[in-house]
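The structure's right below; bear with me while I get my questions together.
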Amino acid sequence: MLKVENISKSFGEFKAINNLSFEVQIGDVMGFLGPNGAGKTTSMRIITGYLKSDIGNIFIDDKNFEADPIQAKSMIGYLPEGVPLYLDFSPYLYLDYVCQVREIKNSKKSIEKVINDLQLQEVKDVRIETLSKGFKRRVGIAQALIHDPKLLILDEPTDGLDPLQKFEVRKLIKNLSKNKAIIISTHILDEVPEVCNKCLIINDGKKVFEGTPNQLKRKVGKSLDEKFRKIVN
Ligand code: ADP
Ligand code: MG
């Protein structure tokens, strides 16, 4: 579904991403881990077409992203870091706006589906500004899902949520994974075995581990121990 091939990206002299490659298939939930500044957000911006890599290629369904960026973007849902939203809008109006931008036909049906799936019924007509963090996050995830993308990129989807809200977002991700390829970046190592079947760790823009949560566990000891926590926190 997604193939990232030898991408590198520098900001001035600083190399943020250094020759990164990986693949994600439908059914995969890949945990994307690494300390602050490792290059997770930059990688996600490149995959979603918000930034261009200096070298390397992104393939979506075997097609080079650059060959038809609009078609590629139509297959990707993206929750950016920090969940930017139009705070003056209600969830319903915001989702309607996203439908217009994405030129979604039958938008009413698509909006109703995500409002239902993300349990936004009770808040759909109130200003986003007044919503709790958990509801805001769900609105952000709803806009990422509204066009039923095959590839879903979620940048720190549980960051800053309380334990119950975190649990609900993880449950949602698990339910979505059947017919999508999903990448979630996270600081929380415990999330990896809980929701992911793959994980990739980067540090200083370079891949330092790729494998299953079990392989990761074996690598770092019986449990996900202190030594490893230091790498990802
Ligand atoms: P992460 O999401 O893993 O915390 P980022 O991808 O946000 O990491 O950042 C990786 C590195 O690239 C950081 O050192 C950051 O300061 C730098 N960086 C990211 N975006 C820019 C930019 N637009 N200009 C300059 N440096 C940037
Ligand atoms: Mg980040």
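First listed ligand is number 1; within each ligand, the first listed atom is number 1.
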### Message
Quick check on the hydrophobic clustering: are V192 and V195 connected, directly or via other members, by side-chain heavy-atom contacts under 4.5 Å?
### Response
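No: no chain of side-chain contacts under 4.5 Å links V192 to V195.
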### Query
Can you hop from L95 to V169 via hydrophobic side chains spaced under 4.5 Å?
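They do share one cluster, since a chain of ILVMFWY contacts under 4.5 Å joins L95 to V169.
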### Query
Within the structure, does at least one protein heavy atom fall under 4.0 Å of atom 20 (N) of ligand 1?
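Protein heavy atom within 4.0 Å of atom 20 (N) of ligand 1: present.
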### Query
Quick one: does atom 15 (C) of ligand 1 have a protein heavy atom under 4.0 Å from it?
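So atom 15 (C) of ligand 1 lacks protein heavy-atom neighbours under 4.0 Å.
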### Task
Work out the angle at the Mg ion (ligand 2) between OE2 of E81 and OG1 of T41, rounded to 10°.
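The OE2/OG1 angle about the Mg ion (ligand 2) sits at 100°.
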### Query
Looking at A16, which atoms of ligand 1 are within less than 4.0 Å of one of its heavy atoms?
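Those atoms are 12 (O).
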### Query
Among protein heavy atoms, which sits nearest to atom 17 (C) of ligand 1, and what does the distance come to when rounded to 0.1 Å?
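Protein heavy atom with the smallest distance to atom 17 (C) of ligand 1: F14 CE2, 3.9 Å.
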### Crowding at CG, N175 (>12 non-hydrogen neighbours, <6.0 Å)
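Result for CG/N175: enclosed.
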### Task
Quick one: look up the protein heavy atom nearest atom 6 (O) of ligand 1 and list residue, atom name and how far away it is.
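Of the protein heavy atoms, T42 OG1, 2.6 Å lies nearest.
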### Sub-4.0 Å heavy-atom approach of P35 to ligand 1
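P35 counts as a contact of ligand 1 under the 4.0 Å cut-off.
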### Query
Looking at atom 8 (O) of ligand 1, what's its closest protein heavy atom, distance included?
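Scanning the protein heavy atoms, the shortest distance from atom 8 (O) of ligand 1 goes to G39 N, 3.2 Å.
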### Message
Evaluate R45 for polar contact with ligand 1, using N/O atom pairs at a separation under 3.5 Å.
### Response
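Not met; the criterion fails.
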### Message
Please list the nearest protein heavy atom to atom 27 (C) of ligand 1 with its residue and the distance rounded to 0.1 Å.
### Response
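Nearest neighbour among protein heavy atoms for atom 27 (C) of ligand 1, to 0.1 Å: F11 CD1, 3.2 Å.
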### Message
Test salt bridge (charged side-chain N to carboxylate O under 4.0 Å, His left out) on D162 and K166; report intermediate values, then the result.
### Response
CA-CA 6 Å; D162 70 34; K166 279 190 164 92; over 6 Å; no
### Message
Using a 4.0 Å cutoff against the non-hydrogen atoms of T41, which atoms of ligand 1 qualify?
### Response
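Per the distance check, 1 (P), 2 (O), 6 (O), 7 (O).
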### Message
Only heavy atoms of N36, strictly under 4.0 Å: list the atoms of ligand 1 that pass.
### Response
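Near N36, the atoms of ligand 1 are 4 (O).
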### Message
With clusters defined by side-chain heavy atoms of hydrophobic residues (ILVMFWY) lying less than 4.5 Å apart, directly or transitively, does F22 cluster with I184?
### Response
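In one cluster: no.
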### Task
Give a yes or no on whether a salt bridge exists between D61 and K150, defined as a side-chain N under 4.0 angstrom from a carboxylate O.
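A salt bridge links D61 with K150.
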### Query
Judged by non-hydrogen atoms, does G34 sit under 4.0 Å from ligand 1?
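No.
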### Task
Determine whether more than 12 heavy atoms belonging to other residues, nucleotides or ligands lie under 6.0 Å from atom CD1 of I70.
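Open.
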### Positive for side-chain contact (heavy atoms from CB on, under 4.5 Å) with I58, one of N64, T48, L2
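One option only clears the test, and that one is L2.
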### Validation row, ring centre F65 to ring centre F59 under 6.0 Å
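Distance test on ring centres: not under 6.0 Å, no.
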### Query
Where does the angle between the aromatic ring planes of F89 and Y97 fall among parallel (under 30°), tilted (30 to 60°) and perpendicular (over 60°)?
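Plane angle over 60°, so perpendicular.
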### Task
Could you tell me whether A38 and ligand 1 have an N or O pair separated by under 3.5 Å?
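Yes, there is a polar N/O contact under 3.5 Å.
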### Query
When you measure from atom 10 (C) of ligand 1 to every protein heavy atom, which one gives the shortest distance, and what is it?
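It is G37 O, 3.3 Å.
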